[in-house]
Amino acid sequence: MRIGIVAPEFPPDIGGVETYGYEFTLELARRGHEVIVFTCPHASGEASGCGFEVLPLLKVERAADKALLRKYPMEVWHVMNAAYAWMALETRPVVVSVHGNDFINPYLLARVPCWRHLPYFWRFESQLRPLGAMLRRRSARRDMWGGLANASQVVANSEFTKSVLLQYVPICASNTSVGYVGVNDDFFRVRRHDRRTNGFKTLITVCRLIERRKNVDKTLRALAQLK
């Protein structure tokens, strides 16, 4: 099967969404599918030698990316960020993976007001910038909600993420499932420094504590109950 992966966040950048996209794509390639990843350009170069092709061509702008992706016919598209859910309004089948902040507080806004291309409007660009940002966010959200509702399948990374998504888009209840995020074996091959722990295990988490959704407090309470 010929599968197009739309992943604006992808290695060599580091992060949870990047790792998810990479691992998902790697598994599809391992199963024999022809996979092409569309991502944003990275200054340090692109991931290679993984059994799939990477095209760093995304502009994070709907009109430009729509024209780009139209040139590459696929049997199925898989979008790795809710901001690109608008693709489900343009073609099918489209699968959308969601993670949390990508739909709760979108940070990729794939639509830009086009008045800068109109005669004389460029003169007022600085004054119109705040209005443009507001319209950009509003139109991007509208496209995102519509795309999620129209997607062939929405994959949430946890039961909690699914429950939050359905608060925003209840109509997605029929097309949303949970793809539990796993941990690659490579994470267990990291060399550990010798240290005296007196028999105790050391657990480390790296996240933004300001976000209650990370549930660090619940994890600590759960660990406290272990013998």
Side-chain angles (χ1 to χ4, degrees), residues 1-112 140 143-144 147-148 150-158 161-162 165 176-184 186-187:
M1 182 179 291
R2 184 175 168 87
I3 303 174
I5 301 290
V6 180
E9 301 155 292
F10 204 75
D13 287 348
I14 299 173
V17 177
E18 289 85 349
T19 301
Y20 174 93
Y22 176 79
E23 295 290 343
F24 207 113
T25 304
L26 197 64
E27 180 62 21
L28 289 175
R30 189 188 70 79
R31 296 190 181 201
H33 298 290
E34 179 187 357
V35 186
I36 300 178
V37 177
F38 298 84
T39 187
C40 299
H42 298 90
S44 57
E46 308 304 325
S48 61
C50 305
F52 52 84
E53 184 178 2
V54 178
L55 300 180
L57 303 174
L58 291 184
K59 304 294 185 183
V60 194
E61 197 278 300
R62 180 169 175 175
D65 288 339
K66 176 181 175 181
L68 163 70
L69 298 174
R70 215 178 245 173
K71 299 176 183 177
Y72 297 86
M74 298 288 166
E75 293 179 69
V76 63
W77 290 95
H78 192 141
V79 175
M80 294 294 178
N81 186 296
Y84 273 83
W86 58 263
M87 286 189 62
L89 301 174
E90 305 288 346
T91 186
R92 289 179 70 87
V94 174
V95 177
V96 183
S97 281
V98 296
H99 310 276
N101 282 339
D102 55 335
F103 65 86
I104 295 173
N105 186 26
Y107 48 88
L108 292 177
L109 302 176
R111 173 173 278 194
V112 182
D143 293 345
M144 179 178 65
L148 287 169
N150 202 51
S152 302
Q153 187 71 26
V154 178
V155 182
N157 63 7
S158 69
T161 299
K162 177 182 176 180
L165 174 67
T176 300
S177 59
V178 177
Y180 299 99
V181 177
V183 179
N184 189 287
D186 292 340
F187 286 95

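In what follows, residues are counted from 1 in the order of the sequence shown.
- Of the inter-residue distances, the one linking Leu148 atom CG with Trp86 atom CH2 reads 13.5 Å to the nearest 0.5 angstrom.
- Side chain of Tyr20 to backbone of Gly15: no donor-acceptor contact under 3.5 angstrom is found.
- The ring pair (Phe, Tyr, Trp, His ring centres under 6.0 Å) analysis of residues 39-59, with sequence neighbours excluded, yields no pairs.
- Taking the side-chain contact (heavy atoms from CB on, under 4.5 Å) definition, one finds that Pro41 meets it with Pro56, sequence neighbours left out.
- Summarising the geometry of Thr25 relative to Gly21, their closest heavy-atom pair is OG1-O, 2.7 Å, with the distance given to 0.1 Å.
- In terms of heavy-atom proximity, Ala82 sits nearest to Val98 at CB-CG1, 4.0 Å.
- Closest heavy-atom contact between Ala88 and Gly147: CB-O, 3.3 Å.
- A donor-acceptor pair is defined here as one N or O able to donate and one able to accept, closer than 3.5 Å; such a pair exists between the side chain of Thr39 and the backbone of Ala7.
- Taking the side-chain hydrogen bond (donor to acceptor under 3.5 Å, both in side chains) definition, one finds that Asn150 meets it with nothing, sequence neighbours left out.
- With sequence neighbours excluded, the residues that form a side-chain contact (heavy atoms from CB on, under 4.5 Å) with Arg30 are Glu27.
- Side-chain contact check for Leu28 versus Ile5: some heavy-atom pair is nearer than 4.5 Å.
- Shown here for Asn81 and Val96, the closest heavy-atom pair between the two residues is O-CG1, 4.5 Å.
- Residues passing the side-chain hydrogen bond (donor to acceptor under 3.5 Å, both in side chains) test with Thr91, sequence neighbours excluded: none.
- The two residues Pro11 and Tyr22 have their closest heavy-atom pair at CG-CB, 3.6 Å.
- Looking only at distances, no side-chain donor or acceptor of Asn105 sits under 3.5 Å from a matching main-chain atom of Asn101.
- Evaluation of the salt bridge (charged side-chain N to carboxylate O under 4.0 Å, His left out) rule for Glu53 yields no partner, not counting sequence neighbours.
- Evaluation of the side-chain hydrogen bond (donor to acceptor under 3.5 Å, both in side chains) rule for His33 yields no partner, not counting sequence neighbours.
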Donor-acceptor pairs under 3.5 angstrom involving side-chain atoms of residues 67-80: please list them, not counting sequence neighbours.
from  : atom 1 : to    : atom 2 : distance (Å)
Glu75 : OE2    : Arg2  : N      : 2.9
His78 : NE2    : Ser97 : OG     : 2.8

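- Taking CG from Asn157 and CG from Leu165, the interatomic distance works out to 10.5 Å, rounded to the nearest 0.5 Å.
- Between Tyr84 and Glu61 the shortest heavy-atom distance is OH-N, 4.3 Å.
- Pairs passing the salt bridge (charged side-chain N to carboxylate O under 4.0 Å, His left out) check and including a residue from residues 81-104, sequence neighbours excluded, read Arg62-Glu90, Lys66-Glu90.
- Evaluation of the salt bridge (charged side-chain N to carboxylate O under 4.0 Å, His left out) rule for Lys59 yields no partner, not counting sequence neighbours.
- The side-chain hydrogen bond (donor to acceptor under 3.5 Å, both in side chains) search around Thr176 returns none, not counting sequence neighbours.
- Legend: residues meeting side-chain contact (heavy atoms from CB on, under 4.5 Å) with Gln153, ordered by chain and number and at least two apart, are Val95, Val155, Ser177.
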